[in-house]
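Written out below as structure tokens is the structure these notes cover.
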Amino acid sequence: MAHEGISTAEVTVRVNGQSRSADIDTRTSLLDLLRDRFRLTGTKWGCNQGGCGACTVLVDDQRTLSCLMLAVQADGREVTTIEGLGDAAALHRLQEAFIAHDGFQCGYCTAGQICSGVALAGEAAAGVPSVVTQDLRAETVELSVEEIRERMSGNLCRCGAHNGIVAAVSEVYGS
Amino acid sequence: MSMMQRATEALNRTLPDRDVDPLTTARRVVGQPVSRVDGPAKVTGGAAFTADVDLPGMAFASLVPSRIARGRIRRIDVTRAAAAPGVIGVVTHDNAPRMDTPVLMTLTAKGCAFIDVAPLQDDVVRWNGQAVAVVVAESQECADAAAHLVHVEYDADAARTSFGDLQSEAVFPADVLGEPPEITRGDVDGALAGAAFVVDEVYSTPQHHHMAIELHATVARWTPEGKLHVWDSTQALVRTRHSLAHAMGLPEEDVTVTCRAVGGGFGNKTVWDHQLLCVAAARVTGRPVRLALRRKDAFRMTGGRAPSRQRVALGADAAGRLRALVHDSVTGIVHENSPEQVSVPARHLYAADTYRIGQKKVVLDVVPNASMRAPGDSIGSFALESAIDELASRVGLDPIELRRRNEPAVDPTDGTRFSKRHLIEAYRRGAERFGWQERNRVPGGQRDGRWLVGHGTASAFYPYIRMPGGKVRIRITADGRAIVSAAANDMGMGTETVQVQQAAERLGLPIDRVGFEFGDTTLPESPIAAGSAQTASLVITVAAAAEELKKVLLKRVPRRSALYGLKPNDVVYRDGGLRHAGDPSRAATFEELVGEAEYVEAVGSSPMLPLEFMKYSMHGYGAHFCEVRVDAVTGETRVSRWVACIDAGRIINPKTAASQIRGAVIMGVGSALMEEGLVDRRTGRTVNASAAEYHVPVHADVCDIDVIFLDLPDPLTPMGVHGVGEIGIVGVAAAVANAVYNATGVRVRDLPITLDKIFTGSGAS
Ligand code: FES
Ligand code: FES
């Protein structure tokens with residue numbers, strides 16, 4: 001949305017497999033682009049400061065705090081949000097596991113938790129270590145409960161659904 | 001006690017008990033671990049939270065917070081902000097519409113505000129961080145940028161901001177939730193002096209913050225006719241409407257409040273300044289306006305849990321029986337509506353020959369504190385249950401045995417009978433599951449590598465509350481489904497799921513044929529989701545509506561029907577319809593009863609006064625067991641095992657209820673080990689106002705939490721239920737502190753139990 005005196009830019013992002021463009025205020029975060037311009041409101045925010053993880057999405061399959069990325073930085077990149085993982089009629093298996101293990105209460109941190117969970121599986125498969133990883137040279141990392149807890153710690157949940165979240169991630173991606 | 005109170009009490013004692021709800025033992029749907037019915041929406045991003053609302057022409061607001069704690073605004077210059085790109089308008093006390101005081105949350109009033117002055121009505125600054133201007137712009141980016149351009153000059157006055165420094169000024173409040181602020185029996189100081197064993201210590205707890213992950217959001221739209229529609233992240237739809245209608249001078253029917261999903265409330269999603277500011281901004285600019293608090297605003301513009309300082313003195317005889325119980329406490333508050341009732345657990349948990357239990361207040365120039373998950377009980381129990389543990393070690397008794405020896409036969413302070421009390425049974429079951437017999441018995445005596453291992457236990461406790469005055473509508477549609485409607489709230493407790501279950505049980509339907517419609521004030525009025533009271537309040541109201549519905553359905557019975565001529569008392573809901581209570585062959589399905597109509601409906605009201613809990617002592621209880629591991633080198637504490645055995649009546653859904661207990665335990669562990677709102681005593685400003693600096697437990701801090709429900713119905717409550725939202729946090733901090741003592745031999749009496757305090761023993765006041 002252009003207003004006089006504001007610098008704008010055109011961005012094109014592939015969101016959930018679809019190319020979408022918008023003319024934006026360059027101060028716009030990826031989070032606000034997704035929510036306010038593309039109306040993909042499944043991605044939430046709890047701080048706008050990188051402190052809570054609620055805004056986690058996948059950018060080129062890497063988990064990314066969308067509140068900390070300017071929309072212009074996402075130009076030309078591939079973004080996956082919670083809406084792109086599955087829908088009520090065809091749930092992603094991690095989404096199903098969240099329901100089965102009661103991995104949420106209010107459901108507000110959930111999109112971020114699920115996106116983190118999906119990305120974490122990729123990180124482990126690529127052998128990216130965490131602070132609790134024992135063997136730093138291993139080709140892949142086994143996702144023990146301890147690894148999952150460590151790697152999911154950037155996603156706060158104030159309702160305290162941690163046990164269910166870890167159980168769900170563990171069931172789908174755990175060792 | 002006043003004459004009036006005496007009269008009511010006398011009346012209560014003569015009143016008959018209510019009949020036991022016949023569904024107290026029903027198990028077809030109630031008691032089943034049903035997965036959340038809103039699950040698919042919540043895991044796909046489909047649930048509608050307030051900030052997701054998008055209206056045509058909607059503008060965005062940003063707030064300007066005050067920089068002083070007390071004083072006046074000398075000058076406020078909005079010229080640069082008003083001229084900034086995209087700005088539509090700036091609202092200050094110079095141009096804000098007149099607003100009346102929003103109605104406060106009290107026992108008797110119908111509002112839910114915690115601040116008793118409407119914002120922007122004068123130039124007075126009442127706390128640091130209070131909003132002094134609202135900037136409205138075409139985008140959030142423009143509003144946030146322009147908010148920095150508002151120039152404010154202040155005349156600051158001296159402010160009362162340090163709770164710790166003002167202890168000598170503590171005075172009694174008028175009452176504590178309708179109870180006297182202090183109660184005494186016998187010569188407690190004499191009994192203490194003569195006791196065989198004495199513990200006399202001071203415990204303190206800091207300011208806590210709710211820190212729900214969803215930030216408070218409001219969208220306000222005025223219609224051309226002057227009606228107001230507000231979307232708001234509130235846990236009290238009807239009370240929010242009442243507060244806003246009163247503030248804006250509107251009849252309630254001209255105000256609609258909508259809220260389908262709340263991203264966590266914990267007592268804080270009520271009316272604060274931001275709703276009024278949003279409504280005012282929409283009025284001034286003529287646009288629908290969205291106002292979402294920034295995280296730092298949520299810390300400074302809405303209140304948390306009040307700080308406390310509590311002396312607990314216990315005197316016991318040689319056998320560990322309490323001869324004296326003193327709980328002299330002080331909390332830091334702004335006004336008396338939310339006293340942080342720390343003295344409540346001591347009023348009901350132990351039999352003591354003599355006691356003095358009370359609380360004073362220190363009035364502060366800060367944002368008023370709100371109810372935070374088990375207000376008062378949570379931190380009051382930290383002091384009491386730590387002291388009980390200290391006494392047990394002094395007497396040389398298992399802390400569970402000490403509690404058993406002091407278990408009262410009737411309520412220890414008001415003398416009423418217990419409707420149910422299974423505290424010792426909760427200890428028995430919990431201890432068995434936890435392996436309490438194998439616990440570490442010598443403080444500092446168990447080591448596993450670099451870890452010192454310790455075990456602790458403490459009691460959970462929470463009053464049973466049922467809110468009067470609700471209504472529920474049940475509609476039976478032509479295809480035989482039921483839609484139950486109430487302006488109820490779901491902030492993650494599982495309201496929708498649990499209401500579907502209990503209504504399905506009541507109406508004799510499978511759960512997939514029942515829907516629960518909630519989250520809007522156009523639906524029948526429902527009480528606030530607070531005090532862990534919503535479920536019981538709705539269960540009894542659904543029961544009332546189901547009785548009304550029987551009458552409506554029976555009126556429609558045609559002559560040829562097997563049910564013709566029967567009265568409501570003759571029939572029961574069974575198998576998707578009504579049936580003669582004694583003769584199963586006389587039945588009709590809902591489809592038959594609704595016949596040609598589109599639907600049939602009835603509205604039921606809850607019985608007005610919850611007399612049962614005036615007549616009986618009605619509380620939930622529980623036993624927490626925890627294992628901690630304290631790093632012998634760094635003092636870092638990790639909670640490694642947890643068992644919570646809860647006596648909260650009948651459990652409607654063990655899956656969602658266990659999640660509630662787990663969430664409460666985790667919040668309690670946060671208060672035990674890390675949570676602390678740091679206030680700069682010079683400026684009265686909360687300095688760690690961010691999600692990164694106000695530490696809450698993260699995944700790596702949370703172990704598996706084993707929850708056991710005794711699942712024993714309370715004969716006096718609807719379906720035998722109690723609330724489960726808050727009880728789980730009570731006793732948690734004490735259980736952790738007791739385990740830390742057991743692991744290290746260091747008793748920390750000042751929350752949070754951080755490594756520096758363990759190392760230096762500095763928290764051991
Ligand atoms: S909103 Fe992005 S981390 Fe909190
Ligand atoms: S489910 Fe509410 S914050 Fe995680």
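Numbers restart at 1 for each chain; the letters A, B, ... are given by sequence-line order, proteins then strands.
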Check: A:I99 main-chain N/O paired with B:K42 side-chain donor or acceptor under 3.5 Å: no

Proximity breakdown for B:M211 and chain A, heavy-atom pairs closer than 4.5 Å: both

Segment of B:A48 engaging chain A (4.5 angstrom heavy-atom cut-off): neither

Interchain contact, B:V53 with chain A, by part (heavy-atom threshold 4.5 Å): backbone

Donor-acceptor side-chain pairing of A:D102 and B:S659 below 3.5 angstrom: yes

Heavy-atom contacts under 4.5 Å, residues 43-51 of chain A to chain B: A:K44, A:W45, A:G46, A:C47, A:Q49, A:G51

Main-chain N/O of B:A700 paired with A:S153 side-chain donor or acceptor, under 3.5 Å: yes

A:C106 SG to B:D38 CG distance, which is reported to the nearest 0.5 Å: 10.5 Å

Exam field: side chain A:Q95 to backbone B:V43, donor-acceptor pair closer than 3.5 Å: yes

Chain B contact via A:E96 - which portion, at a heavy-atom distance below 4.5 Å: neither

Leading residue by heavy atom contact count with chain A [cutoff under 4.5 Å; candidates B:D54, B:I666, B:V696]: B:D54

Contacting moiety of A:T110, where chain B heavy atoms sit under 4.5 Å: side chain

Residue, of A:L85, A:T28, A:L40, A:D87, that accumulates the most heavy atom pairs under 4.5 Å with chain B: A:T28

Between CD on residue B:E141 and CD1 on residue A:I24, distance to nearest 0.5 Å: 8.5 Å

Contacting moiety of B:A212, where chain A heavy atoms sit under 4.5 Å: backbone

Contacts with chain B made by residues 156-171 of chain A (heavy-atom distance under 4.5 Å), listed by residue number: A:L156, A:C157, A:R158, A:C159, A:G160, A:H162, A:N163, A:I165, A:V166

Heavy-atom proximity to chain A below 4.5 Å, by part of B:Q660: both

A:R35 with B:D52: basic N within carboxylate O range, under 4.0 Å: yes

